[in-house]
Structure formats: C-alpha cells, structure tokens
Amino acid sequence: MSTSPSAPGPESKGHIEQAGASDESIQRVHAILIREKEEPKEGFTPMPLFLLGFISAMIFLGAVYFVHYRGDFDPLVYDYRFDAAAAKAAASAPKELTPEQIIGKGRILYNTCASCHTPSGMGVAGAFPPLAASEWVTGSEERLIRLLIHGLAGPIVVKGLPYNGNMPAFGPGGGYNWNDAKIAQVLTFIRQEWGNTAPPITPEKVAEIRKAESARAKPWSEAELQPFEEP
Ligand code: HEC
C-alpha cells in the first residue's frame with residue numbers, strides 16, 4: 001500500500017517539513033498533564049469491601065445450591081425413568097439372591113476348591129476325593145457344613161476309595177475365613193452340580209453350626225463326623 005505514487009516519502013520533497021508543535025508548546029502541555037495526574041503511590045489498593053462481600057456471598061450461595069441439587073452424584077438422576085425414592089428403598093433393603101444367583105456365586109467360589117477337587121468335581125484318585133456323586137456332598141448337611149468350617153484330616157473313604165489327606169478349614173481357624181453366605185453358596189453349588197441333586201444349604205444353617213462348634217479348633221476326623229452322618 002505504500003507503493004501509491006500520491007503518497008510521497010520524506011525524501012521526495014527534498015526538505016524537512018515544519019513541525020506543528022514547538023518544543024515549548026510540548027513542554028507546556030506535559031506540565032499540565034503531570035500536575036493534574038495523581039501521584040503514583042507505593043503498595044496496593046485493597047479490594048473494595050463491597051466486592052469482597054459480594055464474591056463471598058456468591059461462593060456461599062453456589063455451595064448451597066450445589067449441595068441441594070447434587071443428586072447424590074448419581075448419573076441416573078438425569079434419566080427421567082429414574083425413581084430416586086424407589087432406588088433408595090431398594091439400596092437399603094436386604095438383597096435376596098435368586099437360586100440362580102446363589103449358584104452363580106457358588107460357581108465362582110468353587111474355583112478355590114477346584115485346584116484340589118478339579119473343575120469337573122471328579123477329584124484325583126488317591127489324592128483328592130471326588131465331589132461329584134459323593135455321599136459326603138449330597139448326604140447330611142450337618143456333616144458337610146462341619147467339614148467345610150473346620151476341615152478334615154486322616155483316612156476317609158469316598159465312593160469306595162480310600163484317601164488320607166488334609167482338607168483345609170474354610171471357617172475362622174483356616175486361612176480362608178469365609179462367612180456364612182459364602183460357605184452356603186459354595187456348598188449349594190457342589191450339591192447341585194455334576195448331576196448332584198441335594199437340597200440347597202442356607203446361610204442360617206451355616207451360622208447355626210458355626211455357633212454350635214465355636215469351641216472347636218482342629219480339623220475333623222472321619223470317626224468324629226460319624227454322628228452327623230444322618231441328616
Ligand atoms: C488343598 C486342597 C483342597 C482344597 C482347596 C479343598 N479341598 Fe476338599 N478335600 C481335600 C482333601 C485332601 C480331602 C480328603 C481329606 C482326607 O483325606 O481326610 C477333601 C475332602 C473334601 C470333602 C469330603 C470328601 C468328598 O470328596 O466328598 C468335601 C465335601 C470337600 N473336600 C469339599 C471341598 C470344598 C467345597 C472346597 C472348596 C470350598 C474344598 N473341598 C477345597 C482337599 C482340598
């Protein structure tokens with residue numbers, strides 16, 4: 001844009017143009033400006049109290065609003081089908097598991113047993129007795145629950161074959177320390193898997209036997225469990 005021929009540069013005229021203001025007039029104007037300007041001060045100006053109060057009030061009101069409308073941080077509150085009152089009631093009510101859910105949980109818990117009794121429940125001949133079609137599993141629940149809580153040691157016979165190993169305790173004494181629900185779930189699972197068709201075991205029954213045998217601190221022997229053979 002500076003290439004326009006009608007805009008001559010300073011050298012094109014050949015002389016310096018007369019300035020519109022003299023040194024004197026410039027000094028005069030500045031003297032006025034300097035005089036009328038406020039002297040710069042050291043330090044800082046505090047925030048006006050009104051502004052401070054206003055910002056504090058806004059933060060406080062924002063917090064109140066947020067607490068009131070946070071919806072328990074549940075993303076579901078944005079769903080129009082969501083019934084907050086019903087959800088709260090459902091969360092506080094004790095959860096009843098369906099038989100399928102109990103078996104499902106038992107199946108997962110059985111992974112712990114499967115390392116010895118094998119996933120198929122067939123066991124290892126001479127080392128780990130089978131749980132499939134075992135009279136210990138499908139028979140008396142009194143005997144089965146006792147066996148799992150405190151373990152079993154010494155010679156036993158399962159499906160006509162002798163074993164002599166150590167079945168770990170899953171109650172308080174052993175390393176597992178499973179609660180009543182877990183014990184009931186895994187026992188219900190092994191009683192209804194691999195063709196077994198024994199009735200389920202409830203956590204209440206496990207609790208009852210745990211209480212009755214609370215004084216016991218060592219694994220059972222086959223002879224000691226004999227009295228509980230009948231249901
Ligand atoms: C460390 C290996 C091991 C683990 C883990 C184990 N068991 Fe056993 N279990 C044995 C042995 C060994 C015996 C036989 C004990 C004996 O010879 O006195 C046995 C015996 C049994 C018996 C009685 C005999 C039979 O075969 O019916 C049942 C029932 C049983 N276990 C269930 C379970 C369940 C349920 C679990 C998992 C919660 C489990 N076991 C975990 C090793 C194990």
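In this chain, numbering begins with 1 at the start of the sequence shown. Both ligands and their constituent atoms are indexed starting at 1 by order of listing. Predicted, not measured: the structure shown is a model, and the values here were computed from it.
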Heavy-atom side-chain contact between Pro172 and Ile149 under 4.5 Å: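 Yes, side chains in contact.
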
Residue pairs, two or more places apart or on separate chains, that pass salt bridge (charged side-chain N to carboxylate O under 4.0 Å, His left out) and touch residues 150-167: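 Sorted pair list comes back empty.
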
Glu208 and Lys205 ion-paired at < 4.0 Å: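 The answer is yes: the pair qualifies as a salt bridge.
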
Short side-chain donor-acceptor distance under 3.5 Å, Glu24 and Gln27: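 Judged by distance alone, the side chains do not pair up.
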
Pairing residues for Glu135 by the salt bridge (Lys or Arg N to Asp or Glu O under 4.0 Å) criterion, not counting sequence neighbours: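 Listed in chain order: nothing, the list is empty.
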
Shell of residues surrounding ligand 1, defined by a 4.0 angstrom heavy-atom cut-off that is strict: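 Under the 4.0 Å cut-off, ligand 1 touches Thr112, Cys113, Cys116, His117, Ala127, Phe128, Pro129, Pro130, Leu131, Ser134, Trp136, Val137, Leu144, Leu147, Leu148, Leu152, Ala153, Gly154, Ile156, Val158, Tyr163, Asn164, Gly165, Asn166, Met167, Pro168, Phe170, Trp178, Ile190.
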
Residues forming a side chain to side chain donor-acceptor pair (under 3.5 Å) with Arg28, sequence neighbours excluded: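 Here no residue qualifies.
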
